[in-house]
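Written out below as structure tokens is the structure these notes cover.
Values in this document were obtained by computation on a predicted structure and should not be read as measured data.
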Amino acid sequence: MPTASGGAPGPAPAPVRVLLADDHTLVRRGVRLILESEPDLTVVAEAGDGAEAVERARAGDVDLAVLDIAMPRMTGLQAARELSRRLPGLRILILTMYDNEQYFFEALKAGASGYVLKSVADRDLVEACRAAVRDEPFVYPGAERALVRSYLDRLHRGDGLPERAVTEREEEILKLVAEGHTTKEIGELLFISAKTVERHRANLLHKLGMRDRLELTRYAIRAGLIDP
């Protein structure tokens with residue numbers, strides 16, 4: 001049917017291609033149902049951990065990655081940093097159960113466009129996906145006021161954002177050590193030598209004032225890098 005301007009309507013735009021990464025199959029299934037009920041969104045790939053998410057995103061045509069924070073091998077934040085470096089055109093959303101200001105700021109720093117709580121994913125996720133594709137930030141309703149107030153308070157006190165206790169590379173190694181991977185396995189996963197892994201682990205122990213893998217594991221749990 002012709003439009004008011006006399007031309008025929010153009011074809012509908014192709015749906016946004018989504019990569020979904022979460023280590024829980026049931027969560028992925030539920031999120032997939034939410035997204036695929038919308039005509040402008042389609043899930044084209046799934047991953048069970050952050051490292052697999054990076055591989056899947058690099059292997060296929062994906063417009064948007066929806067990443068859980070707490071995943072094995074590589075967290076959602078670590079995957080977001082890697083994807084932002086390697087695929088700067090890819091849009092990224094963090095989907096999490098953690099209503100946590102620090103994680104929110106880390107997500108933005110890692111290159112994510114938004115931060116969605118799993119508890120309200122059925123309400124917010126579709127809107128967040130559309131905002132990300134438009135290159136607009138999305139913050140879950142209810143968080144904006146608290147986040148802005150906290151940030152202004154910090155500026156008023158003359159503070160910046162909280163400092164990272166460890167570097168990004170040290171965080172990657174800390175997570176893998178805590179998950180029980182050997183030095184050789186960590187080197188293979190991160191494409192670095194075993195000697196470099198050992199040096200980073202020694203730096204971590206020294207920097208954090210810790211003695212062994214057990215203490216590093218406890219720290220990784222407190223930092224939200226692995227589930228208890």
Q) Below 4.0 angstrom, N of the basic side chain to O of the carboxylate: do K195 and E198 qualify? A) no

Q.
Between the side chains of D49 and R73, is the shortest nitrogen-to-carboxylate-oxygen separation below 4.0 Å, so that they form an ion pair?
A. yes

Q. What do you reckon, is CZ of R58 surrounded by more than 12 foreign heavy atoms closer than 6.0 Å?
A. no

Q.
Just to verify, what does L26 make a side chain to side chain contact (heavy atoms under 4.5 Å, CB included) with, not counting sequence neighbours?
A. R29

Q. For E82, what residues pass the salt bridge (Lys or Arg N to Asp or Glu O under 4.0 Å) criterion, not counting sequence neighbours?
A. R85, R86

Q.
Please determine whether a side-chain nitrogen of the Lys or Arg among R81 and E171 lies less than 4.0 Å from a carboxylate oxygen of the Asp or Glu.
A. yes

Q: Locate the shortest heavy-atom distance separating L41 from P15; write the atom from each residue and the value.
A: N-CB, 3.9 Å

Q) Under the side chain to side chain contact (heavy atoms under 4.5 Å, CB included) test, which residues partner R130, sequence neighbours left out? A) E38, D40, V126, R134

Q) Considering residues at least two apart in sequence or located in another chain, which fulfil the side chain to side chain contact (heavy atoms under 4.5 Å, CB included) criterion with A128? A) L93, V116, F138

Q) Should E170 and K207 count as an ion pair when the cut-off is N to O under 4.0 Å? A) yes

(Q) Just to verify, what does S113 make a side chain to side chain contact (heavy atoms under 4.5 Å, CB included) with, not counting sequence neighbours? (A) R91, A132

**Q.** Closest approach of T75 to L225 (non-hydrogen atoms, all atoms of both residues)
**A.** CG2-O, 3.6 Å

Q.
As an exercise, state the distance from CG of L216 to CG of L214, rounded to the nearest 0.5 Å.
A. 9.0 Å

(Q) Working to the nearest 0.5 angstrom, can you tell me the gap between M74 CE and L67 CG? (A) 11.0 Å

**Q.** Qualifying residues under salt bridge (Lys or Arg N to Asp or Glu O under 4.0 Å), relative to E36, sequence neighbours excluded
**A.** R32

Q. Charged N to carboxylate O below 4.0 Å: is that the case for K118 and D68?
A. yes

Q.
If you apply the rule side chain to side chain contact (heavy atoms under 4.5 Å, CB included), what do you find for L125 with L35, and how did you get there?
A. CA-CA 8 Å; L125 183 57; L35 296 179; 3.8 Å; yes

